[in-house]
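All remarks here apply to the structure that follows.
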Amino acid sequence: MTPDIDARPSDTPPAPYDPATIEPRWQQRWAERATNQPDMDGARRPFYALMMFPYPSAEGLHVGNLFAFTGSDISARFHRLLGHDVFQPFGYDAFGIHSENYALKMGAHPMELTPKNVLNFQRQVERAGFMVDWRSKVDTSRPDYYKWTQWVFLQLYKQGLAYKKAAAVNWCPTDKTVLANEQVEGGRCERCGTPVEQRFLEQWFFRISAYAERLLNNLDTLDWSNITKHAQRNWIGRSEGAELQFRVDGAEETVRVFTTRADTIYGATYLVLAPEHPLVDQVTTPGQRDAVRAYQESTGRQDLVSRKSVKEKTGVFTGASAINPATGARIPIWIADYVLMEYGTGAIMAVPGHDERDFEFAGVFGLPITRVVAAAGSDASEPLDTAFTDDADGYLVNSGAFDGMSVAEAKGRVTAWLAEGGHGKAVVNFRLHDWCISRQRYWGPPIPIIYCDDCGTVPVPESQLPVELPFIPDFKPDDSGVSPLARHEEWYRVPCPTCGKSARRETDVSDTFLDSAWYFLRYPSAGHEDVPFDGERTKKWLPVNSYIGGNEHAVLHLLYSRFVTMVLHDGGHIPFEEPFTRFRAHGMIIREGAKMSKSKGNVINPDSYMEQWGADAFRMYLMFLGPYEEGGDFQDKGIVGVRRFLDRLWATVRDATSEGAPDPDVMRKLHRTIKKTGEDSARLGYNTAIAAMMEYMNAMRRGDRVAHRDEVLPLVQMIAPYAPHLAEECWETLGHTTSVFDGGWPTFDPAMLVDDSYELVVQVNGKVRGKVQVAMDATQDAAVAAALTDAGIAKFITGEIRKVIFVPKRLLNLVV
RNA sequence: GCGGACGUGGCGAAAUUGGUAGACGCGCCAGCCUUAGGAGCUGGUCCUUCACGGGGUCCCGGUUCGAGUCCGGGCGUUCGCACCA
């Protein structure tokens, strides 16, 4: 229904457009005309625009979701206008602890609650007018999806990359489950903040550490936000060093240590093993046994917060000694909890002279401190009152044949010398650990493994997938260390797929991050029942051209997705090994300078804003309030400015004339605006793109002038990605019958960007003293002459001009 | 502690390669129109000064004809990693 234009005399103020009428209408038309559905098999210029799918909380879409999605939608729509066949799907990360915990809190069952939440999300996403192809909806909690999540697990298993081991794992006593290292922040559960405990459990792991080097190296080839790459590099934590061997004095054993400072070997005055180190029992002398055991026990009782926080050094002597391979000296072997079993070899050579932690430890227990590195030009005989850790400009002392050598050189030379003697080798160590994917919870895909007394661990045959998650009323996790599914023998008791004898299913489910590590592969093939992803579709649409999401997933989701993609590539399933060609992290929205939180009661409700101002105004305001990649401050009153702008656009379109010719000055401004808006939209510079369109609108309406149809039409096209409903309405009002998104992006004429003269800024001694109009190709002499004829400038020329700096098209600086 | 990013009006923010600081918007002020206005339109709005000028991008110093931008030092905010050997 078009508003009745004739009913509004032209001397009344421009009537605001009515989003409540036009937005649902266009959403319905898009659905009817299949506007948002690319030809999945025949597309000629496929472009896969992906936004991180949300977990469907019961609260509904958060404004942060909407901010993220809008930026992605604008990018998708912009590429559509540029002529690409854009595929933008949407889905729900519906499995996982988030959803399960919420169900527990509400006293509901996740299997009943989740579909409701999904429906609510879908309503909101449709309300915001995103260009989503709903044919490809994905819901990770549905059997037709997690069937293939289990398939992915089996591929890893087949490739020897999934294994089970008993290990010290992070256990959250509140969520009652194991957590991946990535889900522990500062020793606390990232979800509920509870201090994490150590437990020894049999867990399934993925061997992501085997891909560490590749995950690191490939980063150089990716067009990703730098902060994200940086976070991944940090997380992978590549560290070059040496693994050195210390023979235990009077025994067969050898202690292997990892060090990045092999050059300091002459200063290694003792060794330290992690309390859990397997050699501890063997080397400990009878006299020290009780003390060592007591220390091990107290360490084991510690939760990981205190274990990993920096605190006063503690430790116990084992009574044993090792031989320093460089000096031949006997050095004591200690255990201490500042050495972590999970990093390196779980043992270190302590060099108190050149490591702060070792220095502190040596101080507490009176162990010898030797200087083996000195700063250039310093007195090497001075005792150390603190560890000297500078490895940039140090040289070796007290180090035999290596004295005088720089640290940098000695690192390699000492390692080589020790290697020759059979005492070690150069190694690269990574901080990245294998990915623990077992969860002792209910709301996830059962891990597709069966244990048979005769056949051992048997993977569920692919033909028997999915292993369906049963509806059980008692899904609440407990402290037992096993999943609620383990309470249901009728579910886990199954015949062995190999021998047919009674066997037992794995009762743990897999980590939510496995669900989301491959969903982008599913979208183009959603609905295909017999394959996880169709070969042709995958080849056509992947890898993803543009991925936009939050940087909080920099080391979790994004790293796991890359890993799974590499594994599937190596298994011959897909022809590429990196899933996301371009990734951009959006920023965070705060409100009136403060973080939003439920407890503060300052959370923005997107529904009410869209109701009051319209989805277009809300979308556009979110994009206008700051740089997309940095986020911004949502000021409640700010949205009126955007709404006014949209009202003016509507009024301008309604009143536009086709008579006469467009104004040349306005047209020059138009072409400049097309250029800037296009460039800004491409680089996600949405706030400045919108500002440029506002400027153009101001130019078009300056004074009381009525805009020409040819002036306003391209603005409608430019604004379409930002305010799609209003753009369609305007486009139709201007006489079109097809979608504005089939009308293309306006082009600018470079000839229209150049003027024949420009305003030259004139400085005298670096201070701006005036401006003169000069020809575009004015020479320096012409510019100086023009400047001197300007009285306001000339009066500052008090003496001889000693120097002239002329920057054509910019400024003239006269130095007197 | 290590590493990254950032610091600009009353507020959100703009500013190619160093080249008119504050675009665009909010708010505020004035005017117009209105029975009215939390509507619309027009103009103004960094500080100081009657004016001419002068000062101004966290602070100090440097390079340069010229610095928000580059360099050195400091302060502050924020993010990532953190007893990682």
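Residue contacts shown for K809(A) are absent, as no nucleic acid heavy atom lies under 4.0 Å away. Counting non-hydrogen atoms under 4.0 angstrom, L625(A) reaches the backbone sugars and phosphates but no base. Counting any heavy atom pair closer than 4.0 Å across all strands shown, V339(A) reaches a base atom. Counting any heavy atom pair closer than 4.0 Å across all strands shown, N813(A) reaches a base atom. Across all strands shown, R769(A) has heavy atoms under 4.0 Å from sugar-phosphate atoms exclusively, and none from any base. Using a 4.0 Å heavy-atom distance criterion, E360(A) is classed as making no nucleic acid contact. Residue N429(A) is classed as having no contact, given no heavy-atom separation below 4.0 Å to the nucleic acid.
The partner of G31(B), taking Watson-Crick or G-U wobble pairs whose two distances both stay under 3.5 Å, is C41(B). Across every strand in view, G66(B) sits unpaired, with no contact that passes the Watson-Crick or G-U test at under 3.5 angstrom. Figure legend. A85(B) is base-paired to no nucleotide; pairs are counted as Watson-Crick or G-U wobble with both atom distances under 3.5 Å. Nucleotide C6(B) forms a Watson-Crick or G-U wobble pair with G76(B), both donor-acceptor distances falling under 3.5 Å. In this structure, U57(B) forms no base pair with any nucleotide, since neither Watson-Crick nor G-U wobble geometry is met with both distances under 3.5 Å. Remark: C52(B) base-pairs with no nucleotide in the shown strands. Criterion, Watson-Crick or G-U wobble with two distances under 3.5 Å. Pairing for A15(B) is absent, judged as Watson-Crick or G-U wobble with the two contacts each under 3.5 Å.
Nucleotide C83(B) holds its C1' atom 11 Å from the CD atom of E342(A), rounded to whole Å. In this structure, R431(A) atom CZ and G80(B) atom C1' are separated by 10 Å, rounded to whole Å. In this structure, CG of L559(A) is placed 16 Å from P of G80(B), rounded to the nearest angstrom. Here the C1' atom of nucleotide U42(B) and the CZ atom of R701(A) are 12 Å apart, to the nearest Å. One can place CE of M623(A) at 14 Å from P of A14(B), the figure rounded to the nearest angstrom. G19(B) atom P lies 11 Å from atom CD of Q763(A), rounded to whole Å. Between Y338(A) atom OH and C83(B) atom P there is a gap of 14 Å when expressed in whole angstrom units. Between the CZ atom of R810(A) and the P atom of G19(B) there is a distance of 7 Å, rounded to whole Å.
Remark: K803(A) is in phosphate contact with C65(B), judged by side-chain N or O atoms under 4.0 Å from OP1 or OP2. Distances shown here put every side-chain N or O of K767(A) at or beyond 4.0 Å from the OP1 or OP2 atom of A67(B). Taking 4.0 angstrom as the limit, R233(A) places none of its side-chain polar atoms (N or O) nearer than this to OP1 or OP2 of C2(B).
Among W613(A), Y609(A), F624(A), the single residue meeting the ring-ring contact (aromatic ring centres under 6.0 Å, His included) criterion with F618(A) is Y609(A).
Rounding to the nearest 0.5 Å places CG of D358(A) at 8.0 Å from OG1 of T269(A). Expressed to the nearest 0.5 Å, how far NZ of K595(A) lies from CE of M588(A) amounts to 5.0 Å. We find the CD-CG distance between Q232(A) and L215(A) to be 7.5 Å, quoted to the nearest 0.5 Å.
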Inset, instruction - Encode nucleotides 24-29 of chain B as B, S and - characters from 5' to 3', where the letter depends on protein heavy atoms closer than 4.0 Å: B to the base, S only to sugar-phosphate, - to neither. - result: BSSS--

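No donor-acceptor pair under 3.5 Å is formed between the side chain of D680(A) and the backbone N or O of Y686(A).
For U77(B) and A67(B), the P atoms lie 30 Å apart once the distance is rounded to whole Å. A gap of 15 Å separates the C1' atoms of G62(B) and G18(B), to the nearest Å. Taking the C1' atom of each, G10(B) and G44(B) are spaced 16 Å apart, rounded to whole Å. For the C1' atoms, the distance linking G74(B) with G80(B) amounts to 24 Å, nearest Å. When the P atom is compared between U78(B) and A23(B), the two are found 29 Å apart, to the nearest whole Å. Comparing the same atom, C1', in U8(B) and in G12(B) gives a spacing of 13 Å after rounding to whole Å. Straight-line distance between the P atoms of G56(B) and U69(B): roughly 13 Å, to the nearest whole Å. The same atom, P, is picked in G73(B) and in C2(B); the two are 14 Å apart, to the nearest Å.
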Inset, instruction - Applying salt bridge (Lys or Arg N to Asp or Glu O under 4.0 Å), run through E679(A) and K675(A) and close with a yes or a no. - result: CA-CA 6 Å; E679(A) 287 167 356; K675(A) 181 169 189 287; 3.1 Å; yes

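Toward the 5' end of RNA chain B, the nearer of the two residues I805(A) and G632(A), judged by each one's closest nucleotide, is G632(A). When the nearest nucleotides of RNA chain B are assigned to E630(A) and H230(A) by heavy-atom distance, the more 5′-ward of the two goes with H230(A).
Counting only heavy atoms from C-beta on, T688(A) has its side chain closest to A15(B) among A15(B), U20(B), G19(B). You'll find that the side chain of D633(A) is closest to G12(B), out of C83(B), A85(B), G12(B).
For the pair R810(A) and Y758(A), the NZ or CZ position fails the cation-pi test of under 6.0 Å to the six-membered ring centre and within 45 degrees of the ring normal. Seen from the ring of Y338(A), K313(A) counts as a face-on cation partner, given the 6.0 Å and 45° thresholds.
For G9(B), the base is syn relative to its sugar; the glycosidic angle is within 90° of 0.
Partners of D665(A) according to the side-chain hydrogen bond (donor to acceptor under 3.5 Å, both in side chains) rule, which considers only residues two or more places apart in sequence or in another chain, are R668(A). Taking the ring-ring contact (aromatic ring centres under 6.0 Å, His included) definition, one finds that F796(A) meets it with nothing, sequence neighbours left out.
Ring geometry for Y628(A) versus H586(A): interplanar angle of 30 to 60°, hence tilted.
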